[in-house]
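The next block holds one structure in the form of structure tokens; read it before the comments.
What you see is a predicted model, and the numbers here were worked out from it, not measured in a lab. Every chain is numbered from 1 and lettered A, B, ... according to where its sequence line falls, protein lines coming before strand lines.
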2 protein chains.
Amino acid sequence: MSTLGLKLRELREQAGLSLRKAAMQVDIDVAVLSKMERGERKFSKELVLKLADLYKANSDQLVIDFLSEKVLYELEDEDFGLEALKVAEKQMKYKKQKNV
Amino acid sequence: MSTLGLKLRELREQAGLSLRKAAMQVDIDVAVLSKMERGERKFSKELVLKLADLYKANSDQLVIDFLSEKVLYELEDEDFGLEALKVAEKQMKYKKQKNV
DNA sequence: TTACCTTTGACAAAATAAGTCAACACTAAA
DNA sequence: TTTAGTGTTGACTTATTTTGTCAAAGGTAA
């Protein structure tokens, strides 16, 4: 289901950390991390960064996944989701170029 | 600032409706509609549809603008916003194709 | 003045998200 | 068969965000 959750779970396991220990390190409740890894609760960007750091993983792609998931969540079941993404992309490029 | 707000304001004026009257027709407070048209508050999709109907305008592009604005709002000031959009697009296409 | 118009800010209420906790079920080692 | 570890669940509280309501202001024109 959740790409980000899966990835972070794998990274945690690769780092040899239990859910409890990882949660403690980043200062959240175990229950919450468990739910986040299984896509039952949303990550925050800050937490993603903390976890990337803890797992010694590169955070860029994780942040991209985080944002992308957030966007997809907003657009799920929308008939014009794809069109909306294209418009958003166009506007973002414009803004970037124009520095608005 | 807000494309959608501007568009809906223009449509309202073209329909010859005052803010008060339009707001009354769609059953919201004038203050709220005023703020929405100026981008100070967010539209809901339902309201966009109601307004499109009231102004006798085609709602498709308005809904696309609405969604796109929502997405851009989530991604504003994000370094990886564009990358996130691309990932989201890819996943959405995949989902659509696979019917997941 | 009167009668409209839009905008503003302050506040209350409702809805969502985030945090906390205790208990459960499972596995494996002692 | 205890003990200690694992992850999961649900109920609950608290905090934050969003939404709705209202009154008043300032503008314009008859």
Side-chain angles (χ1 to χ4, degrees), chain A residues 1-52 54-55 62-63 65-78, chain B residues 1-52 54-55 62-63 65-78:
Chain A
M1 186 112 314
S2 159
T3 304
L4 182 61
L6 285 178
K7 281 191 185 178
L8 283 169
R9 168 153 291 190
E10 281 178 15
L11 285 169
R12 175 174 61 77
E13 287 168 349
Q14 281 167 23
L17 289 168
S18 75
L19 209 46
R20 278 195 161 71
K21 285 181 184 165
M24 191 181 301
Q25 293 285 334
V26 297
D27 200 41
I28 61 169
D29 193 283
V30 209
V32 173
L33 186 54
S34 168
K35 286 167 188 164
M36 283 171 166
E37 284 188 352
R38 283 170 305 105
E40 209 179 304
R41 282 214 190 179
K42 285 179 249 169
F43 286 96
S44 71
K45 190 186 166 190
E46 290 63 40
L47 183 59
V48 171
L49 292 174
K50 276 190 188 176
L51 290 173
L54 177 62
Y55 304 152
L62 292 173
V63 168
D65 287 344
F66 162 72
L67 294 172
S68 146
E69 231 165 67
K70 212 160 69 155
V71 164
L72 285 171
Y73 179 78
E74 298 275 339
L75 296 184
E76 72 179 355
D77 307 324
E78 287 292 346
Chain B
M1 185 114 310
S2 160
T3 303
L4 182 61
L6 286 179
K7 282 191 185 180
L8 283 170
R9 168 153 291 190
E10 281 179 15
L11 285 169
R12 175 174 61 77
E13 288 168 349
Q14 281 167 23
L17 288 168
S18 75
L19 209 46
R20 272 196 163 72
K21 285 181 184 167
M24 191 181 300
Q25 294 285 334
V26 296
D27 200 40
I28 61 169
D29 194 285
V30 209
V32 173
L33 186 55
S34 169
K35 285 167 188 163
M36 284 172 167
E37 284 188 352
R38 281 169 307 104
E40 210 180 303
R41 284 212 189 179
K42 285 181 250 169
F43 286 96
S44 71
K45 189 186 166 191
E46 291 62 40
L47 184 59
V48 171
L49 292 174
K50 276 190 189 177
L51 291 173
L54 177 61
Y55 304 153
L62 292 172
V63 169
D65 287 346
F66 162 72
L67 293 172
S68 146
E69 231 165 66
K70 210 160 72 157
V71 164
L72 285 171
Y73 178 79
E74 297 275 339
L75 297 183
E76 74 180 354
D77 306 326
E78 287 292 346

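Across B:Arg12 and B:Leu17, no two heavy atoms sit closer than the pair NH1-O, 2.9 Å.
Just one residue in the list A:Leu33, A:Ile28, A:Leu62 forms a side chain to side chain contact (heavy atoms under 4.5 Å, CB included) with A:Leu51, and that residue is A:Leu33.
Side chain of A:Glu69 to backbone of A:Leu4: a donor-acceptor contact under 3.5 angstrom is found.
If you measure from atom CZ of A:Phe43 to atom P of C:dA17, you get 16 Å, rounded to the nearest angstrom. Straight-line distance from the CG atom of A:Leu19 to the P atom of D:dA4: 21 Å, rounded to whole Å. The CG atom of B:Leu47 sits 14 Å away from the C1' atom of D:dT18 (whole-angstrom rounding). Remark: C1' of D:dG7 and CG of A:Leu17 are 15 Å apart, rounded to the nearest angstrom. Rounded to whole Å, atom P of C:dG19 lies 10 Å from atom CD of A:Glu46. In this entry the distance linking CE of A:Met24 with P of D:dT6 reads 9 Å, nearest Å. For B:Glu74 and D:dT17, the CD to P distance is 13 Å, given to the nearest whole Å. When the P atom of D:dC22 is taken as reference, atom CD1 of B:Ile28 falls 14 Å away, rounded to whole Å.
Where A:Arg20 and B:Arg12 each meet DNA chain C at their nearest nucleotide, the meeting point lying more 5' is that of B:Arg12. Nearer to the 5' terminus of DNA chain D, by closest-nucleotide assignment, is the contact made by A:Arg9 (compared with the other of A:Arg9 and A:Arg41). Between B:Lys21 and B:Asp29, it is B:Lys21 whose nearest contact on DNA chain C lies nearer the 5' terminus.
You'll find the side chain of A:Leu19 reaches within 4.5 Å of the side chain of A:Arg9, heavy atoms only.
At a cut-off of 3.5 angstrom, the base of C:dG9 holds at least one donor-acceptor pair with the side chain of B:Lys35.
If you take OH on B:Tyr55 and CD on B:Gln25, they are separated by 9.5 Å, rounding to the nearest 0.5 Å.
A sub-4.0 Å separation between OP1 or OP2 of D:dT18 and a side-chain N or O of B:Lys42 is present.
Picking from C:dT20, D:dT9, C:dT7 the nucleotide with the shortest atom distance to the side chain of A:Ser34 gives D:dT9. With distances taken from any side-chain atom of A:Glu40 to the nucleotides D:dT9, C:dT8, D:dG7, the minimum falls on D:dT9.
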